[in-house]
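Bear in mind that the values here come from a model prediction, so they are computed numbers and not experimental data.
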Amino acid sequence: METPNDSAKLIVQRLQSHFKRLPHTRYWMVVVNNRYDRQYNFFIEMSHRQRCTRSIPLHSITDYSLINLEHVIQQVHLQNKLPIHFRGFGDQQRWPESGRLIRAL
């Protein structure tokens, strides 16, 4: 079983390989709550003003636990300051440890 630290390392490693810092390009990370497969999916999205938005899958966490997801998000955010958007989470859903609402960082 993959630990939250292992997942975070893998996500950051894949994130850095796609984060090219191209001019006129915006980058952000997306975390999707996939309720049907009971997993969390991570993507990097990039938008250039002359092109369509691209979404590249980074990793899927099959341990469907908000506590573990919170630890992964904390580790990824410490190592990479890209904005993080959350999709598929409830409007009033909160992180188990911090009690904060789950919304964009």
Counting C-beta onward and ignoring hydrogens, is there a side-chain heavy-atom pair between [X] and [Y] closer than 4.5 Å?
{"X": "Q75", "Y": "N5", "answer": "yes"}
{"X": "N41", "Y": "V31", "answer": "no"}
{"X": "T62", "Y": "R38", "answer": "no"}
{"X": "L69", "Y": "I73", "answer": "yes"}
{"X": "H85", "Y": "P83", "answer": "yes"}

- Item | Under 3.5 Å side-chain donor-acceptor pair for E2 and S7 | yes
Consider only side-chain heavy atoms of I, L, V, M, F, W and Y, link residues closer than 4.5 Å, and tell whether [X] and [Y] are in one cluster.
{"X": "L82", "Y": "F86", "value": "yes"}
{"X": "I44", "Y": "L10", "value": "no"}
{"X": "V30", "Y": "V12", "value": "no"}
{"X": "L101", "Y": "V72", "value": "no"}
{"X": "F43", "Y": "I11", "value": "no"}

- Item | Positive for side-chain contact (heavy atoms from CB on, under 4.5 Å) with Y40, one of L66, N34, N68 | L66
- Query: Distance-only, no hydrogens or angles: does the Y27 side chain make a donor-acceptor pair with backbone N or O of L22 under 3.5 Å?
  - Reply: yes
- Looking only at non-hydrogen atoms, find the nearest pair between I67 and H71 and report the distance. O-CD2, 3.0 Å
- Heavy-atom pair of closest approach, residues N33 and Y64: OD1-OH, 2.6 Å
Atom [atom1] in [X], atom [atom2] in [Y]: separation rounded to 0.5 Å?
{"X": "R54", "Y": "H48", "atom1": "CZ", "atom2": "NE2", "result": "12.5 Å"}
{"X": "L15", "Y": "N80", "atom1": "CG", "atom2": "CG", "result": "4.5 Å"}
{"X": "F19", "Y": "M29", "atom1": "CZ", "atom2": "CE", "result": "12.0 Å"}
{"X": "M46", "Y": "S55", "atom1": "CE", "atom2": "OG", "result": "8.5 Å"}
{"X": "R14", "Y": "Q16", "atom1": "CZ", "atom2": "CD", "result": "13.0 Å"}
{"X": "K81", "Y": "H77", "atom1": "NZ", "atom2": "NE2", "result": "5.0 Å"}

- Could you check D91 against Q93 for side chain to side chain donor-acceptor pair (under 3.5 Å), going step by step and ending with a plain yes or no? CA-CA 6 Å; D91 290 339; Q93 197 167 2; over 6 Å; no
- With side chain to side chain contact (heavy atoms under 4.5 Å, CB included) as the test, would you mind laying out the steps for H18 and L58 before giving the verdict? CA-CA 9 Å; H18 293 289; L58 297 173; 4.0 Å; yes
- W28 ring center within less than 6.0 Å of F42 ring center: no
- Message: I'd like to check the salt bridge (charged side-chain N to carboxylate O under 4.0 Å, His left out) partners of R87; sequence neighbours left out, ordered by chain and number.
- Response: E45
